[in-house]
Amino acid sequence: MRELTPFLMFCGPQQGNAEEAMRLYCSVFVESEVLEIDLYGPDDGDAAGTVRSATFSLGGQKVRAIDGGSVHAFTFTPASSLWIECSSSDELDQAAQALSDGGEFLMPVDNYGFSERFCWVQDRFGVSWQLNLQG
């Protein structure tokens with residue numbers, strides 16, 4: 001195996017939010033950036049300006065994203081999440097605050113025994129994040 005890359009498809013109620021979500025995630029985590037983005041044009045069959053294909057980096061980890069295009073009967077679920085090891089309590093708190101804005105905590109910031117400082121948050125786009133203070 002050459003590479004493992006998380007892939008996020010924004011569909012259902014999140015259709016059309018891929019670019020906004022990527023830009024939020026890149027603003028939350030240091031050493032993150034949009035690497036490439038290809039948007040649908042007016043004659044491409046899907047909504048112009050939505051993401052046909054994009055790659056961004058979160059702290060050096062590549063992530064791919066698209067807008068779903070056609071209608072799908074599914075969206076994100078907390079059963080799949082992105083795990084982030086935070087290097088400080090401030091980093092964890094800042095990320096939790098930004099990601100929970102318009103979203104919800106599935107597990108608020110607390111000591112859960114397996115971690116002194118951890119939270120699980122579903123952002124406003126439906127993507128789930130587990131934020132853990134590096135031990």
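When a residue number appears, it is its place in the shown sequence, counting from 1. None of these values were measured; they are calculated from a predicted model. Computed over heavy atoms, backbone and side chain alike; hydrogens, waters and symmetry mates excluded.
- In this structure, the side chains of Phe76 and Ser128 stay at 4.5 Å or more apart for every pair of heavy atoms.
- No side-chain heavy atom of Val121 sits less than 4.5 Å from a side-chain heavy atom of Leu106.
- Closest heavy-atom contact between Ser32 and Gly59: OG-N, 3.0 Å.
- Listed by chain and number, the residues in a side chain to side chain contact (heavy atoms under 4.5 Å, CB included) with Glu116 are Asn111 (sequence neighbours excluded).
- With hydrogens and angles left out, the side-chain atoms of Asp123 and Tyr25 include a donor and acceptor closer than 3.5 Å.
- Note: Leu58 CG to Leu82 CG = 7.5 Å, rounded to the nearest 0.5 Å.
- At least one side-chain heavy atom of Phe10 sits under 4.5 Å from a side-chain heavy atom of Phe125.
- For the residue pair Asn132 / Glu85, a side-chain donor-acceptor distance below 3.5 Å is found, with atom types taken as modelled.
- A heavy-atom distance below 4.5 Å is found between the side chains of Ser87 and Gln134.
- Salt-bridge check for Arg52 with Asp44: passed, with a basic side-chain N closer than 4.0 Å to an acidic carboxylate O.
- With respect to the salt-bridge test (charged N to carboxylate O, under 4.0 angstrom), the residues Arg117 and Asp93 qualify.
- Of all heavy-atom pairs between Ile66 and Ser53, the closest is CG2-CA, 3.9 Å.
- Here Phe118 and Trp83 bring their ring centres to under 6.0 angstrom of each other.
- In this structure, Lys62 and Pro6 have side chains that are not in contact, with every pair of non-hydrogen atoms separated by 4.5 Å or more.
- In terms of heavy-atom proximity, Cys26 sits nearest to Ser57 at SG-O, 4.1 Å.
- For the pair Phe105 and Cys119, the tightest heavy-atom approach, listed with the atom from each and the gap, is CE2-SG, 4.0 Å.
- In the hydrophobic clustering of ILVMFWY residues, with side-chain heavy atoms under 4.5 Å counting as a link, Phe74 and Phe7 come out together.
- The two residues Thr55 and Arg64 make their nearest non-hydrogen contact at OG1-NH1, 3.5 Å.
- Nearest heavy atoms, Gln14 versus Thr75: CG-OG1, 4.0 Å.
- Annotation: ring pair (Phe, Tyr, Trp, His ring centres under 6.0 Å) contacts of Phe29 (sequence neighbours excluded): Trp129.
- To the nearest 0.5 Å, atoms SG (Cys86) and CG (Leu131) are separated by 5.0 Å.
- Following chains of ILVMFWY side-chain contacts shorter than 4.5 Å, one can reach Val34 starting from Ile84, so the two form part of one hydrophobic cluster.
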May I have the step-by-step check of side-chain contact (heavy atoms from CB on, under 4.5 Å) for Val63 and Leu8, ending in yes or no?
CA-CA 8 Å; Val63 180; Leu8 303 174; 4.1 Å; yes
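- For Glu20 and Arg124, the salt-bridge test passes: some basic side-chain N is under 4.0 Å from an acidic carboxylate O.
- Linking Ile, Leu, Val, Met, Phe, Trp and Tyr whenever their side-chain heavy atoms come within less than 4.5 Å puts Leu24 and Leu39 in one cluster.
- Environment of CD in Glu36: crowded, with over 12 heavy atoms of neighbouring residues, nucleotides or ligands closer than 6.0 Å.
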How far apart are the C-alpha atoms of Val28 and Gln94, what are their side-chain angles, what is the distance that settles it, and do they pass the side-chain contact (heavy atoms from CB on, under 4.5 Å) test?
CA-CA 8 Å; Val28 169; Gln94 184 269 337; 4.1 Å; yes
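- Counting heavy atoms from C-beta on, the side chains of Val109 and Leu92 come closer than 4.5 Å.
- Side-chain contact between Leu133 and Glu91 is absent, with no heavy atoms from C-beta onward closer than 4.5 Å.
- At a cut-off of 3.5 Å, with distance as the only test, a side-chain donor of Ser81 or Gln130 sits close to an acceptor on the other residue.
- Residues Asp46 and Asp67 form no side-chain contact, since every pair of their non-hydrogen atoms from C-beta on lies 4.5 Å or further apart.
- In the hydrophobic clustering of ILVMFWY residues, with side-chain heavy atoms under 4.5 Å counting as a link, Phe56 and Ile37 come out together.
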